[in-house]
Amino acid sequence: MKWLLLSVLAASFFTLCACTSRAPAEPAESTPGEPSAATTAARPSYADPQHRFAIAIPAGMTLRHDFQRSYLDNAAWKAFAAPASQGTPAVALVLDGSNKITAAELRIGTSENENAVAHCLDVPDSGVPSKADAVSLAGTPFVRFRASDAAMSHYLDVEGYRAMHSGRCYAIDLIVNGTRPEVYDPPATPPFDRATARQKLQDALQGFRLQD
């Protein structure tokens with residue numbers, strides 16, 4: 001009887017242990033954060049079969065086919081073009097919110113004109129440095145310069161890129177322009193600051209591609 005009682009107690013003890021003991025929980029497997037649908041979706045893009053280039057259109061920018069928005073700029077096919085320079089204003093990406101106080105846009109113009117091609121890589125008189133830097137955009141060699149202009153209360157800042165490709169001159173201009181807000185009474189509030197505008201234009205430039 002004594003042995004029977006001990007056997008029952010032992011069996012109860014092991015059953016209790018089995019019920020209360022748990023295998024240690026394994027740590028949850030970490031998975032890298034997945035991009036959102038908005039991030040993974042391909043940006044809309046514009047392709048120009050005539051001028052043989054394409055550019056992605058970032059969110060917050062609007063595609064335009066004219067350059068008629070700057071007080072200081074003559075809406076020519078490239079910034080600081082001579083009055084007789086011939087070329088085609090192909091496309092502009094205008095930063096949303098741009099107004100007369102502060103505006104920003106990326107312009108692309110092209111030319112096959114003999115004189116424009118011969119002077120394609122020239123730096124404007126107000127360019128800094130006087131000799132352009134060599135850079136690469138999507139594998140295509142460009143030269144880059146910075147230039148500016150001002151008159152009355154208006155200003156124009158340009159970061160220009162120029163390249164010769166397949167007998168054609170390509171001019172890409174990152175333009176920030178507007179009016180000094182302090183000339184208004186009360187002072188006007190810009191839609192964005194110049195540094196932010198320049199960065200957004202640089203980001204948009206990364207979507208540019210020449211097509212063979």
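These numbers were taken from a predicted model, which means no experiment stands behind them.
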Where Asp173 and Gly160 come nearest, the two heavy atoms and their spacing: OD1-CA, 3.5 Å
Asn113 side-chain N/O to Gly87 backbone N/O, donor-acceptor pair under 3.5 Å: no
Nearest-0.5 Å distance, NE2 of residue His51 to OG of residue Ser166: 13.5 Å
Nearest atoms (heavy-atom pairs only) where Thr102 meets Pro190: OG1-CB, 3.4 Å
Distance-only side-chain donor-acceptor flag, Asp96 / Thr62, under 3.5 Å: yes
Check against side chain to side chain contact (heavy atoms under 4.5 Å, CB included), Ile175 and Leu156: CA-CA 7 Å; Ile175 297 176; Leu156 173 70; 3.5 Å; yes
Side-chain cluster (under 4.5 Å, hydrophobic types only) that Ile101 belongs to, other residues: Val183, Tyr184
N-O pairing of Asp157 and Arg194 below 4.0 Å: yes
Salt bridge flag under 4.0 Å for residues Arg144 and Asp133: yes
Verdict with reasoning, His65 to Val91, per side chain to side chain contact (heavy atoms under 4.5 Å, CB included): CA-CA 5 Å; His65 291 282; Val91 70; 4.3 Å; yes
Gap between atom CZ of Arg209 and atom CZ of Arg52 - 0.5 Å precision: 15.5 Å
Closest heavy-atom pair and its distance - Gly167, Val117: O-CG2, 3.9 Å
Parallel, tilted or perpendicular: ring planes of Tyr46 versus Phe53, cut at 30 and 60 degrees: tilted
Atom of Ala47, atom of Gln211 and distance for their closest heavy-atom approach: CB-NE2, 4.4 Å
Distance-only polar pair, side chains of Gln86 and Glu112, donor-acceptor under 3.5 Å: no
Atom pair CZ/CG of Arg198 and Asp203 - distance to nearest 0.5 Å: 13.5 Å
Carboxylate-amine/guanidinium contact Asp122 Lys78, below 4.0 Å: no
Glu114, CD: over 12 other non-hydrogen atoms inside 6.0 angstrom: no
Minimum heavy-atom distance Phe67-Ile108, with the two atoms named: CZ-O, 3.6 Å
Side-chain heavy-atom pair Phe145, Pro124 within 4.5 angstrom cut-off: yes
Nearest heavy-atom neighbours spanning Cys120 and Ala163: SG-O, 3.5 Å
Arg168 side, atom CZ; Gln50 side, atom CD - distance, nearest 0.5 Å: 7.5 Å
Arg64 CZ to Leu93 CG distance, which is reported to the nearest 0.5 Å: 11.5 Å
Within one Ile-Leu-Val-Met-Phe-Trp-Tyr cluster: Leu121 and Val135, side-chain cutoff 4.5 Å: no
Sub-4.5 Å side-chain heavy-atom contact between Tyr170 and His165: yes
Side-chain heavy-atom pair Gln199, Thr196 within 4.5 angstrom cut-off: no
Leu201 reachable from Tyr155 in the ILVMFWY side-chain graph, under 4.5 Å edges: yes
Trace of the side chain to side chain contact (heavy atoms under 4.5 Å, CB included) decision for Leu174 with Tyr161: CA-CA 8 Å; Leu174 312 186; Tyr161 295 78; 4.0 Å; yes
Derivation and outcome, side chain to side chain contact (heavy atoms under 4.5 Å, CB included), residues Ile172 and Leu137: CA-CA 11 Å; Ile172 304 175; Leu137 297 179; 4.0 Å; yes
Approximate separation, where rounding is to 0.5 Å, of Leu210 CG and Ile55 CD1: 10.5 Å
Ser111 side chain vs Cys169 backbone, donor-acceptor pair below 3.5 Å: no
Flag for Thr110-Trp77: side-chain donor and acceptor within less than 3.5 Å: no
Single-linkage hydrophobic cluster, 4.5 Å side-chain cutoff, Val94 and Phe208 together: no
Flag if over 12 foreign heavy atoms under 6.0 Å of CG, Asp125: no
